[in-house]
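Numbering starts at 1 and runs along the sequence shown.
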Amino acid sequence: MTAATTASAELVQSVDWAAIAPPVITAVVALVALVADLFVPPERRRLLGWTAIAGLAAALLALLPLRAGDRSTFCLTTDPATCSYTADHFTLAVQFLVLGGALLTALLALTETEPRRDGSAGLPAGEFWFLLLSSTAGAALLPASRDLATLVVALEVASLPAFALVGLRRGDRLSGEAALKFFLSSVTATAVTLLGVSFVYAATGTLHLTGVAEALPRVPGQLDTLATAGVALTLVGFAFKTATVPFHFWVPDTYAGAPLPVAAYLSVVGKAVGFTGLILVAVIAFPAYADVWGPALAVLAALTMTAGNAAALRQSAARALSAVRLLAWSSVAQAGYLLVPVAAAAYTGAAAVGATIAYALMYAVVNLGAFAVVALVARTHPAKRIADFRGLYADRPAAALALAFFLLCLAGLPPGIIGLFAKVTVFSAAVDAGLGWLAAIMAVNVVLGLSYYLRWTAVLFRAPARAEGPVPAAAATVSAGTATAIAPVREPVPLPLAAALALTTVAAVALSGYPQLILTFAARNLF
């Protein structure tokens, strides 16, 4: 064998297909849905949705062989320990959240791709399923990324289809406006992130996260300013993605204008994407600057939870889209809680981020469940006002009890035990890191959150409002400034929507009964 042949053989590396199976399966099914849309007749387009659901379920099952958390691939031939793709326990936890959240979103969206009752067209099926699965594939790739190039590519694969998903409701002014705001904010975040990554690469000469961590403390003096600017810009870019104050302005209008399943997807999977990237760059790549980003993230966490709760408190029950806007502002406040353990990691090490993962898993289940109930009520009350939920217990007691349970979990009140324990875990991370002031601010914000969560819960059990004048057969509606009565004639709940609501309810109840299923993540080092 010649020297040239030997050298070329050393550049060839095997690919661990099992390790990369979850995002690959999702991407392949996305292409299948797009191509199949050309041949499937309109009356059978629902098959595309079931194909997407089956693909997401298969991607979830592909996580089982990886549960040991010891797989890596796309490694350097000169240093096999340095890899671009790693399927560790952190990766698997986030991929489970992303794929599970996308699966529940697909169940919520299945009826949205069908013609509406008023005869108007629903969301275009082929485009919707392709975009949803493409975004999910990028979101599933991101937690496994261990170099800055793959990280940015995964971030954009997750984000770019989401722009189109938000604006996919053709002819809807709110949807187009929401897509434009989301697009402009995300493009700004991407530009800032890319500039920061380029600075970091110029200062360190490597893109691998572990290589960056090793090189940053040894950066020559003349490149120190460049490295510091790169670290700061990269973190600011991810702060946009996580809807951290002051980069949160796009959230309420984007959620309100997006189709309801897309808003649910952004609130869970979109948030997971931002926090995953932030954790990877801050904790793995930039530990040398922990004394800078730790206090900065702690301050941002305090501002974010306070701003989110303050805005949620101001939502009027009679305002159109108030239910979605309250969940949007609630998601901003929850982002503040999620940020606390990341800030704590600067003081206590990478193990602290386990509390963020545990909290994110809890939040994903109950928030998607809340959106499922909103989608159910929106079938008869498209204004999506909190006032539309008045008397829901009298009409649909199971849905009312489920929503009440989800809201109590978000508030951290019994019987929502999993929400209480998750908040205690985050609180403990702050205390252990010596951030007592942040723990105190979090405690105050938890009390503020109780107000609007309990106020919405109380609406569910009030007597239905009376409508003035003749009452339509399907629903009773009053003037825009007062409450709307829940429909006296119950419509059957579509099977996919019922399945999403049942899955989230069972999961939330099971986690409250056995919270160790999630809280074990908070007690272990996932990397």
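One N or O on the side chain of R169 and one on the backbone of G257 form a donor-acceptor pair closer than 3.5 Å. Within the 3.5 Å criterion, the main-chain N or O of L132 finds no donor-acceptor partner in the side chain of S135. T306 places no side-chain N or O within 3.5 Å of a backbone atom of L303 that could act as its donor or acceptor partner. Judged by distance alone, with hydrogens and angles left aside, the side-chain atoms of N309 form no donor-acceptor pair with the main-chain N or O of A333 at under 3.5 Å. Within the 3.5 Å criterion, the main-chain N or O of V366 finds no donor-acceptor partner in the side chain of T504.
Of all the heavy atoms in Q95 and P143, the pair that sits closest is CG-CG, 3.9 Å. Minimum interatomic distance between W456 and I386 (heavy atoms only, all atoms of both residues): CD1-CG2, 3.7 Å. Nearest heavy-atom pair across A227 and A203 is CB-CB, 3.7 Å. The shortest heavy-atom contact between V200 and V212 is CG1-CG1, 3.8 Å. Between V98 and A140, the shortest heavy-atom distance links the atoms CG1-N, 4.0 Å.
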Pairs of donor and acceptor atoms involving the side chains of residues 49-59, under 3.5 Å and at least two apart or interchain, shall be tabulated with distances.
from: T51; atom 1: OG1; to: L47; atom 2: O; distance (Å): 2.8

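For the side chain to side chain contact (heavy atoms under 4.5 Å, CB included) test with F238, the passing option among L151, V273, L280, T276 is L151; the others fail. Tested against H381, the residues V374, L376, D388 include a single side chain to side chain contact (heavy atoms under 4.5 Å, CB included) partner, D388.
Judged as a salt bridge (Lys or Arg N to Asp or Glu O under 4.0 Å), the pairs with a partner in residues 23-40 (not counting sequence neighbours) are, in order, D37-R45. Sorted by first then second residue, the salt bridge (Lys or Arg N to Asp or Glu O under 4.0 Å) pairs that include residues 137-166, not counting sequence neighbours, are D88-R146. Applying the salt bridge (Lys or Arg N to Asp or Glu O under 4.0 Å) test to pairs two or more places apart or on separate chains, those with a residue in residues 124-138 are E127-R170. For residues 179-196, the pairs satisfying salt bridge (Lys or Arg N to Asp or Glu O under 4.0 Å) are E177-K181, K181-D253, with sequence neighbours left out.
Considering only heavy atoms from C-beta on, P496 comes within 4.5 Å of R46 through its side chain. At a threshold of 4.5 Å between non-hydrogen side-chain atoms, the residues L327 and Y255 do not count as touching.
Inspection of the Y85 and T91 side chains reveals no N or O donor paired with an N or O acceptor under 3.5 Å. Judged by distance alone, the side chains of K241 and S159 do bring a donor and an acceptor atom under 3.5 Å apart.
Taking the salt bridge (charged side-chain N to carboxylate O under 4.0 Å, His left out) definition, one finds that R44 meets it with nothing, sequence neighbours left out.
L180 contributes atom CG, which lies 14.0 Å from atom CH2 of W250 (distance to the nearest 0.5 angstrom). The CG atom of L235 sits 11.0 Å away from atom OH of Y289, with the distance rounded to the nearest 0.5 Å. A distance of 10.5 Å separates OG1 of T136 from CG of L131, quoted to the nearest 0.5 Å. For the atom pair OG1 (T242) and NZ (K271), the distance works out to 7.5 Å, reported to the nearest 0.5 Å.
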Under the side-chain contact (heavy atoms from CB on, under 4.5 Å) rule, what do Y359 and V340 come out as? Steps first, then yes or no, please. CA-CA 11 Å; Y359 196 96; V340 170; over 6 Å; no
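Classification of the F240-F247 ring pair by plane angle, with boundaries at 30° and 60°, yields tilted.
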